[in-house]
*Asks:* 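Before I ask anything, let me first share the structure, which is written out below as structure tokens.
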Amino acid sequence: MAISNIHETLLLYTKQKSMINDKLATNMMNLLNSSKQVAEEQAKYNDQADEIYYSYYDSDPDTYELLSEQLQEEHELQLANLNSWEQELEVEKNNLETQLNEITSFESSWTKLLQTNIKNDFSYGGVQQ
């Protein structure tokens, strides 16, 4: 009876590990997407900055300054939002990895207990340990 209860516990840990691994995979994809969005945002900013430069730098310096400052502020806001999201994902990733490590250690303990119980249940005529 004890062995079947330990098996149930191990199956529960396996299920929990699977669920955490799924969340971790989703989190890693979101981290990848956030990095991609940062690169896309930077490329967009560079294109817009070039356009402003070539359109206004020589002909209208005041407009160039104004548009450059606005573009810079928008770019910094976008990057701040993306960095904030990336930091949240990193925290979530660390929490999931910690949970996974805890479950793995619990699972290891229960596996050792199962092995000990099986060994004790099937010792034939030998010295009990």
Side-chain angles (χ1 to χ4, degrees):
M1 185 67 170
I3 291 175
S4 65
N5 288 342
I6 294 173
H7 275 292
E8 277 185 45
T9 303
L10 287 173
L11 288 173
L12 176 66
Y13 286 140
T14 302
K15 181 181 176 184
Q16 287 178 334
K17 280 174 51 175
S18 176
M19 290 175 8
I20 290 173
N21 279 325
D22 182 50
K23 289 178 186 176
L24 198 53
T26 301
N27 181 279
M28 297 302 276
M29 286 303 295
N30 286 338
L31 275 170
L32 181 65
N33 284 335
S34 72
S35 296
K36 178 184 171 193
Q37 286 181 359
V38 167
E40 288 173 350
E41 177 62 31
Q42 187 63 45
K44 179 181 161 187
Y45 169 76
N46 290 344
D47 291 343
Q48 290 175 337
D50 286 347
E51 183 180 322
I52 291 170
Y53 177 81
Y54 291 120
S55 298
Y56 297 104
Y57 185 73
D58 290 328
S59 63
D60 191 0
D62 291 334
T63 303
Y64 168 75
E65 282 294 322
L66 179 65
L67 291 175
S68 293
E69 287 177 18
Q70 287 176 344
L71 181 63
Q72 179 69 27
E73 288 172 4
E74 289 173 9
H75 177 65
E76 288 174 1
L77 179 63
Q78 279 294 97
L79 287 182
N81 288 338
L82 289 171
N83 286 335
S84 173
W85 181 44
E86 211 167 37
Q87 287 174 352
E88 289 174 16
L89 290 171
E90 281 293 331
V91 167
E92 182 182 356
K93 181 185 117 198
N94 290 337
N95 287 340
L96 289 170
E97 287 175 343
T98 301
Q99 289 175 10
L100 191 60
N101 288 337
E102 287 176 357
I103 290 173
T104 301
S105 67
F106 290 150
E107 185 179 42
S108 175
S109 297
W110 282 98
T111 301
K112 288 177 186 173
L113 181 62
L114 176 65
Q115 291 170 349
T116 302
N117 279 355
I118 290 173
K119 181 180 175 185
N120 289 341
D121 284 352
F122 293 101
S123 292
Y124 296 110
V127 176
Q128 294 288 327
Q129 293 182 353

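Computed over heavy atoms, backbone and side chain alike; hydrogens, waters and symmetry mates excluded.
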*Asks:* Can you list everything that forms a side-chain contact (heavy atoms from CB on, under 4.5 Å) with Leu113? Sequence neighbours excluded, please.
*Replies:* Ile6, Trp110, Asn117
*Asks:* Could you give the distance from CD (Glu90) to CG (Asn27), rounded to the nearest 0.5 Å?
*Replies:* 7.5 Å
*Asks:* OH of Tyr56: more than 12 outside heavy atoms within 6.0 angstrom?
*Replies:* no
*Asks:* To the nearest 0.5 Å, what is the distance between OG on Ser108 and OH on Tyr13?
*Replies:* 11.0 Å
*Asks:* Got a sec, which residues hit side chain to side chain donor-acceptor pair (under 3.5 Å) with Ser55, two or more places apart in sequence or on another chain?
*Replies:* none
*Asks:* Check whether Ser18 reaches the backbone of Thr14 with its side chain - one donor and one acceptor, N or O, closer than 3.5 Å.
*Replies:* no
*Asks:* Do any N or O atoms from the side chain of Asn83 and from the backbone of Leu79 form a donor-acceptor pair under 3.5 angstrom?
*Replies:* yes
*Asks:* So which atom in Leu31 and which in Lys93 form the shortest heavy-atom distance, rounded to 0.1 Å?
*Replies:* CD1-CD, 3.8 Å
*Asks:* Just checking, any donor-acceptor pair under 3.5 angstrom between side chains of Gln72 and Glu76?
*Replies:* yes
*Asks:* Roughly how far apart are Ile103 CD1 and Gln16 CD, rounded to 0.5 Å?
*Replies:* 4.5 Å
*Asks:* Donor-acceptor check, side chain of Ser68 to backbone of Glu65, threshold 3.5 angstrom: yes or no?
*Replies:* no
*Asks:* May I ask whether Leu10 and Met19 are part of the same hydrophobic cluster, defined by side-chain heavy atoms of I, L, V, M, F, W, Y residues being less than 4.5 angstrom apart, directly or through others?
*Replies:* no
*Asks:* Could you state the interatomic distance from CG (Asn94) to CG (Leu89), rounded to the nearest 0.5 Å?
*Replies:* 11.0 Å
*Asks:* Under a 4.5 Å cut-off applied to non-hydrogen side-chain atoms, are Trp85 and Asn30 in contact?
*Replies:* yes
*Asks:* Please check if any side-chain donor atom of Asn46 sits under 3.5 Å from a side-chain acceptor atom of Gln42, or the reverse.
*Replies:* yes
*Asks:* Got a sec, which pairs hit salt bridge (charged side-chain N to carboxylate O under 4.0 Å, His left out) with one end in residues 38-53, sequence neighbours left out?
*Replies:* Lys36-Glu40
*Asks:* When you group the ILVMFWY residues by side-chain heavy-atom contacts below 4.5 Å and let the links chain together, are Leu82 and Met28 in the same group?
*Replies:* yes
*Asks:* So if you build clusters from Ile, Leu, Val, Met, Phe, Trp, Tyr with side-chain heavy-atom gaps below 4.5 Å, do Tyr54 and Leu66 land together?
*Replies:* no
*Asks:* Please round to the nearest 0.5 Å and tell me the distance separating atom CD of Glu92 and atom CG of Leu24.
*Replies:* 9.0 Å
*Asks:* For the CG atom of Asn81 and the CD atom of Gln37, what is their distance to the nearest 0.5 Å?
*Replies:* 10.5 Å
*Asks:* With the side chain counted from C-beta on, respond yes when Leu67 and Thr63 share a heavy-atom pair under 4.5 Å apart, and no when they do not.
*Replies:* yes
